[in-house]
Amino acid sequence: MLQLYLTNERQNLKHDAHYYRYHDPQTRHHNMAYFLDRCDAYIQRGTIGQYTAILANISGFTNLNFLIGSSNCDTVLIRLLDWLQEGLEKDEVVSRVSGDEFALLIHRSHEGMILEKLRVSDVRYGKHPGDLAHVSAEAGIFRLSDAVESYHHIVQAVSSALNVAKSSLQLQFSYYDPIAADAGERRKFYENAFERALINEDIRIFFQPKVSLKDYSLIGAEALSRWMMNGKIVPPDAFIPILEETTRICELDFYVLEHVCRSIRSWLRQGIKPVKVSVNFSRRHLSNTNLVNDIVDVIDRFFVPHHYIEVELTETTIDADFAALKRIVYGLREQGIESSVDDFGMGYSSLSLIRDVPFKVLKIDKSFLGDKKGGPNERKRAMMKHVISMANELGMECIAEGVESMEHVQLLKENKCYMAQGFLFNRPVPKEEFEQILTQAG
Ligand code: C2E
Ligand code: MG
Ligand code: MG
């Protein structure tokens with residue numbers, strides 16, 4: 001009997017400990033520890049991307065305390081939490097954080113229902129007909145993605161979104177948007193999410209065709225990164241500069257090269273004739289003394305003929321980088337891999353760069369073309385003309401980026417530049433779409 005009693009008692013204690021660890025004694029609802037625990041569990045399970053996290057705060061709760069008294073306020077809080085819980089499933093979470101703040105982890109499909117309840121609700125706290133509190137809550141909302149790696153990330157995101165809602169006069173709800181978040185936060189977000197994005201292949205490779213201005217045929221493509229997040233495309237401008245502050249950009253560039261090689265290999269296997277694809281390599285690679293071998297290793301691993309790959313590098317003004325650039329471009333050329341100077345004319349273009357480094361292709365930056373209609377001003381026009389003729393004389397090929405109109409095409413032809421890349425022909429497109437373009441061209 002005693003043994004049975006002790007076992008029961010121990011189980012009760014265990015149950016109590018578990019209960020108090022995960023419940024708020026005042027409202028008997030779950031607490032923040034439970035919210036964090038569930039976030040972690042769903043991250044581990046790989047299902048976190050199906051949820052939305054919400055941090056909400058009841059508006060004017062202090063005033064309500066004065067108006068109806070603290071004990072009635074406690075009732076309001078409990079009833080509101082009960083009501084929020086109604087209609088939710090077992091894996092979803094409603095927890096009280098502290099005071100008038102609570103956190104929810106709900107299925108994306110329940111977002112509308114919950115926000116409707118938070119918008120404004122009449123909560124009964126007593127028996128008299130007038131015992132009704134008009135309650136609404138401000139909320140920070142974060143639609144989670146599989147890229148989320150820890151609950152810190154979630155807490156930081158919903159807190160910052162809630163702060164936006166609180167400080168806005170018009171907004172009751174604010175969605176966390178890593179693109180709109182302030183710089184420091186954005187950096188943290190993308191850095192945290194990057195590794196997972198590579199593993200999950202959330203970063204997709206888009207291809208932008210390059211065309212001949214002589215017969216408008218397809219002559220190549222540039223591979224450009226697109227980060228898919230919550231069904232939206234994050235453009236490279238949002239994350240490349242952040243990755244470029246560290247050497248993580250190098251991982252991205254090799255990831256892109258690998259995907260490009262894999263695609264070319266699969267086209268060859270299917271009998272689709274590939275074109276040369278260029279891959280952007282950041283300046284950050286210049287300190288890698290083994291870069292040429294690393295690039296060749298990837299290309300060879302996929303048995304891709306070297307001439308199908310082009311490496312795009314940007315200009316440099318730093319002497320040490322200049323020497324490295326020269327070594328790399330020579331090394332690549334020996335391996336039958338061509339290099340191009342990207343965004344020529346953007347930085348402090350030095351003539352010695354194209355004189356001393358055997359680039360095959362010069363990519364004229366889109367700023368040289370001016371806007372769609374007006375075209376470039378006289379200075380730019382004159383510079384472009386000379387850059388093209390110099391490149392031609394040095395035996396380099398010239399391609400113009402950002403070609404958006406027939407006026408641009410006209411101008412390029414007049415200046416003897418016969419290769420172009422731009423929205424007039426194609427935007428960067430997903431692999432499947434590019435495959436169709438290749439098939440039609442072939
Ligand atoms: P970029 O290498 O100069 O790529 C060309 C950019 O011009 C692309 O921007 C492309 O979408 C854009 N563009 C093409 N045609 C037109 C046009 O007619 N008009 C205008 N206004 N723009 C046009 P995107 O894809 O946003 O990429 C921006 C930059 O991000 C790239 O400039 C490149 O420097 C960098 N980037 C993209 N993917 C990678 C990557 O995988 N690795 C590295 N290191 N950098 C990358
Ligand atoms: Mg480029
Ligand atoms: Mg460029």
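Both counts, for ligands and for their atoms, begin at 1 and track the order of listing. Here the structure is a predicted model, which means the values were calculated and not measured.
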**Complete:** for atom 18 (O) of ligand 1, nearest protein heavy atom and its distance come out as F423 N, 2.8 Å

**Item:** Donor-acceptor contact below 3.5 Å, side chain R284 vs main chain E245
**Value:** yes

**Request:** Taking both backbone and side-chain atoms into account, decide whether D365 has an N/O/S atom under 2.8 Å from the Mg ion (ligand 3).
**Result:** no

**Message:** Closer than 2.8 Å to the Mg ion (ligand 3): does that hold for any N, O or S atom in E312?
**Reply:** no

**Complete:** Only residue of K363, K276, Q208 satisfying side chain to side chain donor-acceptor pair (under 3.5 Å) with E222 is K363

**Message:** Under 2.8 Å from the Mg ion (ligand 2), can any N, O or S atom of S340 be found?
**Reply:** no

**Complete:** shortest atom 21 (N) of ligand 1-to-protein heavy-atom contact is with E404 OE2, 3.1 Å

**Message:** To check your reading of the model: name the closest protein heavy atom to atom 42 (N) of ligand 1, its residue, and the distance in Å.
**Reply:** D253 OD1, 2.6 Å

**Request:** For atom 27 (O) of ligand 1, grab the closest protein heavy atom and report residue, atom and distance to one decimal in Å.
**Result:** P236 CG, 3.3 Å

**Prompt:** Hey, is the Mg ion (ligand 2) within less than 2.8 Å of some N/O/S atom on E222?
**Reply:** yes

**Prompt:** Contact between P235 and ligand 1, counting heavy atoms under 4.0 Å?
**Reply:** no

**Request:** Tell me which N, O or S atom of D343 sits nearest to the Mg ion (ligand 3).
**Result:** OD1

